[in-house]
Asker: 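Okay, handing you the structure first.
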Amino acid sequence: MTDYRRLRVALLGAGAVGSQVAALLLRHEDELADRAGARLELAGIAVRDVDAQRDVDLPRELFTTDAESLIVGSDIVIELQGGIEPARTRILQAINSGADIVTANKALLATHGTEIFDAADQVGAQVYYEAAAAAAIPIIRPLRDSLAGDRVQRIIGIVNGTTNYILDRMDTEGAELADVLAEAQRLGYAEADPTADVEGYDAAQKAALLASLAFHTAVPLEAVHREGILGIDRAMMDAARHAGYVIKLLAVCERLSGASDVSASGEAISVRVYPALIARTHPMANVRGVNNAVFVQAEAAGDLMFYGAGAGGVQTASAVLGDVVSAARRHIAGGVGVGESTRANLPVLPIGRVVTSYQITLEVDDLPGVLAAVAGILSEGRVSIATLEQTLAPGDGARARLVIGTHKALEQDLSETVDRLAESDVVERVVSVMRVEGD
Ligand code: NDP
Ligand code: HSE
């Protein structure tokens with residue numbers, strides 16, 4: 001057995017992900033040592049309750065509630081507690097005591113990333129976070145390293161496994177949102193507070209991380225437009241299917257031009273998360289269950305797609321361990337860590353400046369002149385009709401349902417136009433307004 005240098009590894013958290021990381025670290029100790037060029041010695045596991053039942057059997061003597069002491073003298077600290085505090089304080093403590101950090105904590109990085117990266121820069125430490133976006137899928141390194149010489153134009157991501165699992169089951173089985181959410185929680189996909197998943201906060205945090213890397217710009221979480229999936233019902237699913245679409249919670253990060261009012265180069269970015277229609281023929285439409293996918297369009301590379309498990313303890317542990325091996329190799333090689341590149345500093349535009357297509361569903365009186373009136377309101381609002389389908393609305397037969405597909409329009413124009421439609425005498429009800437992405 002090679003006599004490798006020993007690196008002290010502290011693990012904070014032994015939940016769905018942490019317990020699997022610990023088990024794999026112990027099980028593959030020799031193999032990981034050969035890969036890393038260092039023996040990764042799991043010094044301890046900090047948790048809240050040392051007697052809690054774990055997903056896998058782990059040596060009882062490794063557990064402690066004293067994270068602060070465990071960190072002291074560690075070379076690598078793996079933070080898998082989640083949430084802001086005490087994770088933030090422990091990571092800063094670890095950085096300042098000379099450790100490299102591995103974390104899957106998107107909530108923390110999306111809100112306190114600048115503070116953590118700056119602290120790491122100051123002492124030459126490195127922060128690894130491959131598991132923080134799209135779990136097992138390698139996407140952080142491709143954006144940070146492989147595409148560092150290219151210009152990313154657009155990312156469309158399904159980056160939340162829980163909501164993709166829910167929407168997929170609603171689409172294919174007619175399941176109810178609440179029932180499937182309970183199952184996603186049981187399977188360990190959902191966040192400790194599942195509203196982070198269904199209200200789009202988790203996807204928005206990941207979108208902020210991906211956009212920051214793709215556009216070399218620190219994207220604050222507050223700049224990410226966010227809508228969740230709680231408003232999606234089976235009728236909307238059925239309507240989407242009928243029109244050849246599927247509803248997915250998408251994270252869209254886009255480079256925009258023509259913004260000379262906010263940037264000297266005219267370049268800006270948009271980062272947004274919302275449920276949107278995507279054509280069933282688009283590769284993203286076939287991302288099923290808890291899987292995630294990130295579709296990247298880059299100037300030179302063209303279209304790239306990254307696909308795989310977007311949640312799950314052992315799957316996420318794979319990405320965490322990859323980071324641990326990288327951290328170990330860096331420790332052995334020496335030198336300072338490479339900081340985040342945020343120097344492009346592009347402005348993030350509000351949702352009103354986004355241009356996309358829409359599907360508007362209306363219930364109207366089935367009378368002469370109604371269609372012309374609706375078309376007139378759309379035309380006045382600079383919203384151009386691409387497709388139109390009229391069917392009988394449910395009820396007494398006096399109303400029609402109009403499903404209007406638009407050409408690309410400015411979100412601000414669209415939203416003002418929808419307000420005018422809602423106020424007009426001919427429109428009984430705006431049933432839904434969905435954005436269409438990927439066309
Ligand atoms: P869990 O809630 O399953 O586990 C959290 C662990 O942290 C538990 O062991 C818990 O201890 C410990 N912990 C929490 N708070 C404290 C505290 N104040 N002091 C000490 N220990 C604490 O989380 P997951 O494993 O699911 O997630 C971990 C991280 O990975 C999160 O940042 C999450 O967003 C991220 N992630 C999760 C994925 C998944 O599929 N689950 C996928 C990708 C990223 P105890 O067990 O004693 O309560
Ligand atoms: N709750 C998250 C999800 C875990 O469902 O995608 C992975 O980050």
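Whatever order the structure lists ligands and atoms in, that order sets their numbers, starting from 1. Bear in mind that the values here come from a model prediction, so they are computed numbers and not experimental data.
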Asker: Using atom types as modelled and distance alone, determine if a side-chain donor or acceptor of Asp168 lies under 3.5 Å from a backbone N or O of Tyr165.
Answerer: no
Asker: For ligand 2, which atoms, with element, lie under 4.0 Å from some heavy atom of Gly310?
Answerer: 6 (O), 7 (C)
Asker: So, taking the atom named CG in Leu402 and the one named CD in Glu389, what distance separates them when rounded to the nearest 0.5 Å?
Answerer: 10.0 Å
Asker: Using heavy atoms and a threshold below 4.0 Å, how should the contact between Asp197 and ligand 2 be classified: side chain, backbone, both, or neither?
Answerer: side chain
Asker: Is the closest basic N to carboxylate O distance between Asp30 and Arg39 below 4.0 Å?
Answerer: yes
Asker: For Ala46, check side chain to side chain contact (heavy atoms under 4.5 Å, CB included) against everything at least two apart and list the hits.
Answerer: Leu12, Thr64, Ala67, Leu70
Asker: With backbone taken as N, CA, C and O and side chain as the heavy atoms from C-beta onward, which portion of Ala104 lies under 4.0 Å from ligand 2: side chain, backbone, both, or neither?
Answerer: neither
Asker: Closer than 4.0 Å to some heavy atom of Asn160 - which atoms of ligand 2 meet that?
Answerer: 2 (C), 3 (C), 5 (O), 6 (O)
Asker: Students should be able to answer this: which protein heavy-atom is nearest to atom 5 (O) of ligand 2, and at what distance?
Answerer: Thr162 OG1, 2.6 Å
Asker: Applying side-chain hydrogen bond (donor to acceptor under 3.5 Å, both in side chains), name anything that partners His282, two or more places apart in sequence or on another chain.
Answerer: none
Asker: Could you go through residues 336-352 and list every donor-acceptor pair under 3.5 Å that involves a side-chain atom there, pairing it with any protein atom two or more places apart or in another chain?
Answerer:
from	atom 1	to	atom 2	distance (Å)
Glu340	OE1	Tyr129	OH	2.7
Glu340	OE2	Arg144	NH1	2.4
Ser341	OG	His216	ND1	2.7

Asker: Within the structure, is a non-hydrogen atom of Ala135 found at a distance of less than 4.0 Å from ligand 2?
Answerer: no
Asker: What are the atom names and distances for all N or O pairs under 3.5 Å between ligand 1 and the protein?
Answerer:
from	atom 1	to	atom 2	distance (Å)
ligand 1	3 (O)	Ala16	N	3.0
ligand 1	9 (O)	Ala14	N	2.8
ligand 1	9 (O)	Gly15	N	3.1
ligand 1	9 (O)	Arg54	NH1	3.4
ligand 1	11 (O)	Arg48	N	3.4
ligand 1	21 (N)	Arg48	N	3.4
ligand 1	21 (N)	Gln81	NE2	3.3
ligand 1	25 (O)	Ala16	N	3.2
ligand 1	25 (O)	Val17	N	2.9
ligand 1	34 (O)	Lys106	NZ	3.0
ligand 1	34 (O)	Glu191	OE1	3.0
ligand 1	40 (O)	Gly312	N	2.7
ligand 1	41 (N)	Gly188	O	3.4
ligand 1	46 (O)	Arg54	NH1	2.6
ligand 1	46 (O)	Arg54	NH2	3.4
ligand 1	47 (O)	Arg48	N	3.0
ligand 1	47 (O)	Asp49	N	2.8
ligand 1	47 (O)	Arg54	NH2	3.3
ligand 1	48 (O)	Arg48	NE	3.1
ligand 1	48 (O)	Arg48	NH2	3.0

Asker: Considering both backbone and side-chain atoms of Asn292, is one of its nitrogen or oxygen atoms within less than 3.5 Å of a nitrogen or oxygen in ligand 2?
Answerer: no
Asker: Check whether any side-chain N or O of Ser74 sits under 3.5 Å from a backbone N or O of Val77 as a donor-acceptor pair, and report yes or no.
Answerer: no
Asker: Quick one: which of Asp202, Leu249, Val252 gives a side chain to side chain contact (heavy atoms under 4.5 Å, CB included) with Val273?
Answerer: Leu249
Asker: At less than 4.0 angstrom from any non-hydrogen atom of Lys206, what atoms of ligand 2 do you find?
Answerer: 2 (C), 3 (C), 6 (O), 7 (C), 8 (O)
Asker: Checking a contact table here: which protein heavy atom is nearest atom 8 (O) of ligand 2, and how many Å away?
Answerer: Lys106 NZ, 2.5 Å
Asker: Which atom names give the shortest non-hydrogen contact between Thr406 and Ser357, and what distance separates them?
Answerer: O-CB, 3.3 Å
Asker: With a 4.0 Å cut-off on N to O distance, would you call Asp75 and Arg8 a salt bridge?
Answerer: no
Asker: For atom 6 (O) of ligand 2, what is the nearest protein heavy atom, given as residue, atom name and distance?
Answerer: Gly161 N, 2.7 Å
Asker: Closer than 4.0 Å to some heavy atom of Ala190 - which atoms of ligand 2 meet that?
Answerer: 1 (N)
Asker: Sub-3.5 Å donor-acceptor pair from the side chain of Arg234 to the main-chain atoms of Gly174, do we have one?
Answerer: yes
Asker: Do Arg226's NZ or CZ and the ring of Tyr201 fall within the cation-pi criteria of under 6.0 Å and 45°?
Answerer: yes
Asker: Within the 4.0 Å heavy-atom shell around Glu191, which atoms of ligand 2 are there?
Answerer: 1 (N), 2 (C), 4 (C)
